[in-house]
Amino acid sequence: MMHAIKGMRDLLPPETALWRRLEDQAREVFRLYGFGEIRTPVLESTELFSRAVGAETDIVGKEMFTFQDRDDSSLSLRPEATASVVRAYVEHRLWERPGLTRLYYQGPMFRRERPQKGRYRQFSQIGAEVLGSGEPVVDYELLEMLSLLVARCGLRAELRLNSIGCPADRGRYHQALRAALEPVIGGMCADCQRRMHTNPLRILDCKVPGDQPIIAALPAIEEFLDAPCREHFAELRRLLDAGGIAYELAPRLVRGLDYYNRTAFEFVSSALGAQNALLGGGRYDGLARALGAPASPAGIDQAIGFALGEDRWILAMQADAGAAGQEPLDACVIPVGAAMTARALSVARQVRAAGFAAIVGDGARKLGKQLEMAAREGARFAVLVGEQEAAQGRLILRDLAAGEQREIPAVQLAEHLAPAREVAR
RNA sequence: GUGGGUGUAGCUCAGCUGGCAGAGCGCUGGAUUGUGGCUCCAGAAGUCGAGGGUUCAAAUCCCUCCACCCACCCCA
C-alpha cells in the first residue's frame with residue numbers, strides 16, 4: 001500500500017477543524033495588533049539558512065532537506081521562516097515603508113529529524129516578526145499578544161523568559177562556563193562532555209539527574225549582561241509586571257538558533273510529551289544586517305519574533321480544551337422516496353443559499369435509515385421532502401434533538417432553521 | 001544518528017504455556033408500507049507487517065528485514 005513518507009502525515013476531519021480554529025484565532029489576534037501577512041517560498045537557497053540560522057547548528061548541519069538543482073545550485077526546504085522573512089525585508093527594503101514592519105506567516109516547515117510526539121518532518125508553524133525597533137515595549141507587546149492567543153485557544157501554558165545578552169556577553173559567559181566546567185566535566189554525562197566543545201550553553205538544558213547539582217552551581221548568564229542589555233531586560237520585566245503578564249524567569253533557557261540575542265522566551269505546556277515547547281522566540285538584532293541590510297538608518301536591523309508549532313498547539317488544545325473540532329451541520333434534507341431527489345436537491349440549495357450547512361440523504365434508502373444517518377452526522381434538523389407535502393408546497397421540519405416535527409410552507413424554511421445557528425454558536 | 005515499545009478486521013484491541021482467527025465500536029441489511037437516537041437479529045470485512053527457519057501443526061517459538069510509536073538528541 002502507498003503510504004505517506006516518514007514524518008509526514010495527513011490531517012483529516014474533524015481534527016482539521018481545530019487547525020482552522022487556531023489559524024482563524026491567530027489571524028484575528030494578529031489583526032488586532034496591526035500585523036500584515038507575508039507568504040514566502042517553501043524553497044530557498046541553502047546559503048540563506050546557513051547564514052541566518054547558523055552553519056554549525058543542528059538544524060542546518062544535519063536536519064535540512066537539501067538537494068542540488070539542475071543548475072548545481074544548492075536548495076533547501078525551509079526549516080523555519082524567520083530567515084525568509086528577513087530576506088524579504090531586505091530584498092524589498094521594507095524599512096522604507098512607514099512605521100515598523102509587522103509581519104506574520106503560516107505554513108509548512110521541514111526538518112529531517114527522527115519523528116516523535118509533537119515532532120514531524122513536515123510541520124506547520126505560525127509566526128510573527130516585528131522589524132525596525134529594539135525597544136523593550138515591542139518585546140512586551142509581542143508577549144502580550146501571545147498570551148492573548150493562548151487564552152483565546154483555551155490553553156494552559158507558561159511563559160518562560162530569559163535574556164541571553166548580546167554576542168559579546170555570550171563570549172564572556174562562554175569563557176566563564178568553560179572555566180567553571182573544566183574541573184567537573186569528567187563527572188558529567190557523555191552528551192554534556194560533547195556539548196562542552198560544541199555548544200556549552202546547551203549544557204544548561206541537560207535533563208540527566210546526576211548532572212543537575214553541577215548545573216545548578218554554574219554561573220547564570222544574567223551576571224554577564226552588559227549595562228544596555230541589563231536595562232533592556234529590566235524594562236521588559238517592568239512592562240510585563242505592569243501589564244499583568246505572568247512569567248517565570250528561566251536563567252537556563254537558551255535558543256538553538258544562532259541569530260537570537262537579548263530577549264529569549266518560550267511558552268511551555270504540560271499537556272505535551274517531551275516536546276513541550278508550544279512556541280519559542282526572541283530578539284534577533286543584527287540578522288537583517290547580516291543578510292545585507294544597510295547600516296543606516298539606525299535600528300532597521302533590530303527585530304524580534306516568534307514561531308509556534310501548530311502540530312503541538314493542536315495536541316495541547318485536544319488535551320487542555322478537550323476540543324474535538326466537529327463542524328456543526330444545520331440540516332439534513334431527506335427525499336422520502338427516490339422520486340423526491342430532485343426536489344430535495346433544490347430544497348438543499350435553498351437552505352445553503354440562506355447560509356446553513358446541509359447534506360442531502362439518499363432517497364433510495366428507507367426513511368428510517370436516512371433519519372438514523374442524519375442523527376449520526378450530527379444534523380440539528382431533518383427536512384423531510386415527501387410527495388404528499390410537496391404537492392401543497394410544504395415540507396416537514398424535524399428537530400432531531402427534541403424529536404418534534406411540524407409541517408411548514410417550503411418558502412419559510414430558512415427562517416425556521418434560524419435556531420440551528422444559535423445552537424452552533 | 002542511538003535506545004525502548006508496538007505491528008491481528010476501517011478504528012481500539014484481546015488471543016502469544018503452539019491445535020479451526022475473535023470482541024467492542026464502525027459499516028451493510030432486517031425486526032411488514034412515510035419517522036432516527038435504545039434494543040434485538042443477520043451479514044460483509046483480516047495473505048495475523050514482510051521474508052525465512054523449527055514443527056505433523058506457527059498470529060503464537062527462533063532469525064532477518066520493514067513500518068509506526070515513544071524517548072534520547074534537537075527544537076516549534
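A note on names: the letters A, B, ... follow the listed sequences, proteins ahead of strands, and every chain is numbered from 1.
- Both cation-pi conditions hold for A/R9 and A/Y120: the charged atom is under 6.0 angstrom from the six-membered ring centre and inside a 45 degree cone around its axis.
- The nearest heavy atom of RNA chain B to A/M373 and to A/A307 marks one nucleotide each, and the one closer to the 5' end goes with A/M373.
- Residue A/I126 is out of contact with every strand shown, counting any heavy-atom pair closer than 4.0 Å.
- Between the side chain of A/Q405 and the base of B/rU35 there is at least one donor-acceptor pair of N/O atoms closer than 3.5 Å.
- With 3.5 Å as the limit, one finds no donor-acceptor pair spanning the side chains of A/N276 and A/S269.
- Within 4.0 Å (heavy atoms only), A/I334 reaches no atom of the nucleic acid at all.
- Side-chain contact between A/F110 and A/R121 is absent, with no heavy-atom pair separated by less than 4.5 Å.
- Applying the 4.0 Å criterion to OP1 and OP2 of B/rC69, one finds that A/Q116 has every side-chain N and O outside that range.
- Listed nucleotides: B/rC74, B/rU35, B/rA76. Nearest to the side chain of A/R111: B/rA76.
- Using a 4.5 Å heavy-atom cutoff, the side chains of A/L279 and A/I126 are not in contact.
- Among the protein residues, A/E387 comes within range of the nucleic acid bases, having at least one heavy atom under 4.0 Å from a base atom.
- Looking at heavy atoms from C-beta onward, A/R398 lies out of side-chain contact with A/C332 at the 4.5 angstrom threshold.
- Contact annotation for A/K6: backbone-only contact, meaning every heavy-atom pair under 4.0 Å involves sugar-phosphate atoms and none involves a base.
- When side chains are defined from C-beta on, A/L278 counts as touching A/L272, because their heavy atoms get closer than 4.5 Å.
- Counting heavy atoms from C-beta outward, A/F267 and A/L146 have side chains that approach closer than 4.5 Å.
- For A/Q388, whose side chain is taken as the heavy atoms from C-beta onward, the closest listed nucleotide among B/rA76, B/rC74, B/rG34 is B/rG34.
- You'll find the side chain of A/R39 stays beyond 4.5 Å of the side chain of A/Y105, heavy atoms only.
- At a threshold of 4.0 Å, the pair A/R112-A/E63 does not count as salt-bridged, since none of the basic side-chain nitrogens sits closer than that to a carboxylate oxygen.
- Salt bridge status for A/R20 with A/E23: absent, with no side-chain N to carboxylate O gap under 4.0 Å.
- As judged by a 4.0 angstrom heavy-atom cut-off over every strand, A/E389 is placed among the base-contacting residues.
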Criterion ring pair (Phe, Tyr, Trp, His ring centres under 6.0 Å) on A/F35 and A/Y104, from CA distance to verdict: CA-CA 6 Å; A/F35 284 73; A/Y104 77 87; 7.4 Å; no
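- Taking for each of A/P115 and A/A379 the nucleotide of RNA chain B with the nearest heavy atom, the 5'-most of the two is the partner of A/A379.
- By the 4.5 Å heavy-atom criterion applied to side chains, A/R283 and A/Q302 are counted as neighbours.
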Could you pull out the protein-nucleic contacts involving nucleotides 8-12 of chain B (nitrogen or oxygen on both sides, under 3.5 Å)?
none

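- Between the P atom of B/rC69 and the CZ atom of A/R9 lies a distance of 9 Å, rounded to the nearest Å.
- Remark: A/R237 is positioned above the aromatic ring of A/F233, its terminal NZ or CZ atom under 6.0 angstrom from the ring centre and at most 45 degrees off the axis.
- Counting to the nearest Å, the P atom of B/rA76 and the OH atom of A/Y284 are 13 Å from each other.
- A donor-acceptor pair under 3.5 Å is absent between the side-chain atoms of A/D399 and the main chain of A/F381, judged by distance alone.
- Looking at A/V42 and A/M109, their side chains never come closer than 4.5 Å, going by heavy atoms from C-beta outward.
- Distances from the side chain of A/K369 to the nucleotides B/rC74, B/rU35, B/rG29 place B/rG29 closest.
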Just the table, please: protein N/O against nucleotides 48-51 of chain B N/O, every pair under 3.5 Å.
none

Just the atom pairs and distances: protein N or O near nucleotides 37-44 of chain B's N or O, under 3.5 Å.
residue: B/rG37; atom: N1; partner: A/L400; partner atom: O; Å: 3.1
residue: B/rG37; atom: N2; partner: A/L400; partner atom: O; Å: 3.3

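- In this structure, A/G118 reaches the bases: a heavy-atom distance under 4.0 Å links it to at least one base atom across the strands shown.
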Please produce a list of atom pairs where a protein N or O lies less than 3.5 Å from an N or O of nucleotides 31-33 of chain B.
residue: B/rA31; atom: OP2; partner: A/K366; partner atom: NZ; Å: 3.0

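- Among the heavy atoms of the strands lying under 4.0 Å from A/A274 are primed sugar atoms or P, OP1, OP2 only; no base atom is included.
- Side chain of A/K117, nearest nucleotide from B/rA76, B/rC73, B/rC70: B/rC70.
- Closest approach to the A/R376 side chain among B/rG34, B/rC73, B/rU28 is made by B/rU28 (side chain taken as heavy atoms from C-beta onward).
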Restricting both atoms to N or O, compile the protein contacts to nucleotides 1-7 of chain B shorter than 3.5 Å, with distance only.
residue: B/rU2; atom: O4; partner: A/R114; partner atom: NH1; Å: 2.5

Without placing hydrogens or testing angles, list every side-chain donor-acceptor pair under 3.5 Å for residues 75-86 of chain A, not counting sequence neighbours.
residue: A/S76; atom: OG; partner: A/T46; partner atom: OG1; Å: 2.8
residue: A/S76; atom: OG; partner: A/T66; partner atom: OG1; Å: 2.7
residue: A/R78; atom: NE; partner: A/P108; partner atom: O; Å: 2.8
residue: A/R78; atom: NH1; partner: A/T40; partner atom: O; Å: 3.4
residue: A/R78; atom: NH1; partner: A/T40; partner atom: OG1; Å: 3.4
residue: A/R78; atom: NH2; partner: A/P108; partner atom: O; Å: 3.1
residue: A/E80; atom: OE1; partner: A/Y259; partner atom: OH; Å: 2.5
residue: A/E80; atom: OE2; partner: A/T82; partner atom: N; Å: 3.3
residue: A/E80; atom: OE2; partner: A/A83; partner atom: N; Å: 2.8
residue: A/T82; atom: OG1; partner: A/E129; partner atom: OE2; Å: 2.8
residue: A/S84; atom: OG; partner: A/E44; partner atom: OE2; Å: 2.8

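- Checking B/rG36, B/rG29, B/rC74 against the side-chain heavy atoms of A/R365 singles out B/rG29 as nearest.
- Comment: A/R376 engages A/E372 in a salt bridge, judged by a side-chain N to carboxylate O separation of less than 4.0 angstrom.
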